[in-house]
Amino acid sequence: MEVVTMTGKSGKTREGRAHGTGGTDGTGTGYDVVVVGGGAAGLSAALVLGRARLRTLVVDAGEPRNAPSSHMQGYLSRDGMSPAAFLAAGREESAGYGVELLTGRVTDVTRNGAGTGDAGFAVLLDDGRAVRARRLIVATGLKDELPAVPGVAERFGRDVLHCPFCHGWEVRDQPFGVLASSAMSVHQALMVSRWSKDVTFFLHTVAEEELSDQDLRRLAAAGVGVVPGEVAGLVVEDDRLTGVRLTDGSVHARSVLYVGPRPVPRTGLLERLGAELSETPFGAYPVVDPTGLTSVPGVWAAGNAVGFAEQVVHAASGGYRAAAAIVGELLMADLDAAVAA
C-alpha cells in the first residue's frame with residue numbers, strides 16, 4: 001500500500017487540525033471519516049472534510065470508471081480536462097488540508113458494537129492492517145461490462161463510446177452506429193440522433209420483433225436506419241474505426257459506435273454492512289436519503305455507488321453533500337457527549 005503525500009498549490013503542506021479519534025491503539029489508527037474510493041465523489045467529500053478539520057483517510061484502488069477516456073466534458077470550468085489530470089488536482093487539493101491518501105483496497109468493514117450509537121467501524125485494508133472510523137463514505141463506483149464483440153473493449157473511450165453527453169459534441173455529424181444489447185437500446189439510438197443525422201441501429205442479438213411499434217415509428221422519425229443481424233466485429237484502419245462487420249460478411253461504414261455496457265455496482269462493502277439495496281434495470285444500488293445516507297447508520301454512499309447515470313459533476317456534488325452532512329452529525333454527537341459527561 002502506498003501512502004501519497006502532496007502539497008498545496010503554494011508548495012507548502014497545509015495541515016488540518018484533526019478532531020475525534022486520532023492516535024493509535026490496539027484497534028489501529030483512528031479517523032473521523034474513512035472514504036472508500038478516490039474518484040470525483042470520494043475526493044470531493046475528502047476536500048470538504050479536510051477543510052472542516054476532520055481527520056480523513058481516502059483509500060483508493062486506482063480504477064476510475066472513466067479511465068479509458070482522454071477527456072471529460074460537461075463539468076463547468078473543467079470541460080475537456082483529462083480524467084487523470086482532474087483526479088491529480090483533486091488529490092493535491094485534499095492533501096493540502098491534511099487528508100491522508102492511500103493507494104490500496106478496503107477488503108472488509110465491520111461495525112464496532114451493536115445498535116445505532118457512535119461506536120464506529122473497523123476498516124480492514126488489503127495489506128492486513130485495520131483502521132478505525134467514526135463515519136464511512138462508500139464511493140466505490142461501478143464497473144462497465146462491455147459487449148463481447150471483438151474490438152469493442154480495445155477501442156472503448158476512443159471511437160467506441162457509451163454516453164453522448166460525454167462525447168457527442170466531439171464526434172458530431174459523423175456516421176454513428178449503435179450496438180443493441182436489448183430492446184432498451186432503442187433509447188440510446190434515438191438519443192444519439194441529436195448529435196448526428198447519420199445513425200444506424202445494429203440489432204445484433206435483439207430480434208426485430210422485440211421492438212414495439214412505437215419504437216419503430218420513433219426510429220423512422222429520427223431517421224435512424226435499423227439493420228438486423230449479429231455483429232461479428234469492427235473494421236479498423238490506420239487505428240481508426242471505419243466500419244461494423246456482420247456475421248454475414250457485410251460491412252457498414254461507420255466511424256463511431258455507441259454501445260451499452262452492463263453496469264456492475266461495487267456494493268460488496270455495503271452488502272456486508274447490511275445496507276438496503278434497491279433493484280433497478282441497471283443493477284442494485286443502496287437506498288439513500290438526499291445526503292447519501294444509507295440504511296446503515298454512519299454510512300454514506302456517493303457517485304456511481306448510488307446510480308449508474310451519475311456523471312462526474314453529479315458525483316462531486318454527491319460527495320460534497322455527504323461530507324457536509326457528516327460534519328454536522330459529528331459536531332452534534334460530540335456536543336451531546338460533552339453535555340452528558
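No hydrogens, no waters, no symmetry mates; every other heavy atom, side chains included, goes into these values.
- When the shell of 6.0 Å around CZ of R155 is examined, it contains more than 12 heavy atoms from other residues, nucleotides or ligands.
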Inset, instruction - Show your reasoning for whether side chain to side chain contact (heavy atoms under 4.5 Å, CB included) applies to F202 and V227. - result: CA-CA 5 Å; F202 296 99; V227 175; 4.0 Å; yes

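- Put simply, the side chain of F165 reaches to within 4.5 Å of the side chain of W195, judged on heavy atoms.
- Remark: the backbone N or O of L54 is paired with a side-chain donor or acceptor of T56 at under 3.5 angstrom.
- By the 4.5 Å heavy-atom criterion applied to side chains, L49 and V327 are counted as neighbours.
- Residues P286 and T267 share a closest heavy-atom pair of CD-CG2, 4.4 Å.
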Legend entry - Residue pair R129, T29: steps toward the side chain to side chain contact (heavy atoms under 4.5 Å, CB included) verdict: CA-CA 9 Å; R129 289 188 296 153; T29 304; 5.6 Å; no

Legend entry - Trace of the side chain to side chain contact (heavy atoms under 4.5 Å, CB included) decision for V313 with L76: CA-CA 8 Å; V313 66; L76 188 64; over 6 Å; no

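- Although no hydrogens or angles enter the test, the distance criterion places no donor-acceptor pair under 3.5 Å between the side chain of R65 and the main chain of G39.
- The hydrophobic cluster containing L179 does not contain V224, counting ILVMFWY residues as joined when their side-chain heavy atoms lie under 4.5 angstrom apart, directly or transitively.
- Atom-to-atom distance recorded for E210:CD and S185:OG is 10.0 Å, nearest 0.5 angstrom.
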Legend entry - Steps toward side chain to side chain contact (heavy atoms under 4.5 Å, CB included) verdict (L161, L257): CA-CA 6 Å; L161 308 170; L257 180 67; over 6 Å; no

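- Both V160 and V149 belong to a single network of hydrophobic side chains, linked directly or stepwise wherever heavy atoms of I, L, V, M, F, W or Y lie under 4.5 Å apart.
- For A139 against A305, the heavy-atom pair with the smallest separation is CA-CB, 4.4 Å.
- Note: L142 CG to F308 CZ = 9.5 Å, rounded to the nearest 0.5 Å.
- Of all heavy-atom pairs between V48 and A324, the closest is CG1-N, 4.2 Å.
- Side-chain contact between Y258 and M191 is absent, with no heavy-atom pair separated by less than 4.5 Å.
- With hydrogens and angles ignored, the 3.5 Å screen pairs a side-chain donor or acceptor of D79 with a backbone N or O of G74.
- Residues V244 and L203 fall into different hydrophobic clusters, defined by Ile, Leu, Val, Met, Phe, Trp and Tyr side chains chained together at heavy-atom separations under 4.5 Å.
- A donor-acceptor contact closer than 3.5 angstrom is absent between the side chains of R132 and N112.
- Here E310 contributes atom CD and N304 contributes atom CG; the two are 6.5 Å apart, rounded to the nearest 0.5 Å.
- One hydrophobic cluster, built from ILVMFWY side chains closer than 4.5 Å, holds both L57 and L273.
- At most 12 heavy atoms of other shown residues, nucleotides or ligands fall within 6.0 angstrom of atom CZ in R194.
- Using a 4.5 Å heavy-atom threshold, the side chains of M81 and Y75 count as separate.
- Separating the CG atom in L211 from the CZ atom in F201 is a distance of 6.0 Å, to the nearest 0.5 Å.
- The shortest side-chain heavy-atom distance between T294 and E276 does not fall under the 4.5 Å cut-off.
- With salt bridges taken as basic N to acidic carboxylate O contacts below 4.0 Å, one links R272 and D108.
- For the atom pair CG (L124) and OG1 (T107), the distance works out to 3.5 Å, reported to the nearest 0.5 Å.
- Proximity of H204 to P147: side-chain heavy atoms (C-beta onward) are nowhere separated by under 4.5 Å.
- If you run side-chain hydrogen bond (donor to acceptor under 3.5 Å, both in side chains) between Y31 and each of E100, R134, R135, only E100 comes through.
- Residues Q188 and V259 are not in side-chain contact: their nearest non-hydrogen atoms beyond the backbone lie 4.5 Å or more apart.
- Between L101 and S94, some side-chain heavy-atom pair lies under the 4.5 Å cut-off.
- Taking a cutoff of 4.0 Å between a charged side-chain nitrogen and a carboxylate oxygen, R254 and D159 do not qualify as a salt bridge.
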Legend entry - salt bridge (Lys or Arg N to Asp or Glu O under 4.0 Å) between R266 and E63, worked out: CA-CA 12 Å; R266 295 185 172 117; E63 298 174 349; 3.5 Å; yes

Legend entry - D238/R240 under salt bridge (Lys or Arg N to Asp or Glu O under 4.0 Å): CA gap, chis, key distance, verdict: CA-CA 5 Å; D238 297 326; R240 294 181 58 190; over 6 Å; no

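- Atoms CH2 and CD1, from W300 and I326 in turn, are 4.5 Å apart once rounded to the nearest 0.5 Å.
- Side-chain polar atoms of T291 and D289 form a donor-acceptor pair below 3.5 angstrom.
- The minimum heavy-atom distance between C166 and Q73, with the atom names listed, is O-CG, 2.8 Å.
- In the hydrophobic clustering of this structure, M184 does not group with V186; members are Ile, Leu, Val, Met, Phe, Trp, Tyr whose side-chain heavy atoms approach within less than 4.5 Å, directly or through other members.
- Of all heavy-atom pairs spanning H71 and G80, the tightest one is CB-O, 3.6 Å.
- When all heavy atoms of A301 and L270 are compared, the closest pair comes out as CB-CD1, 4.4 Å.
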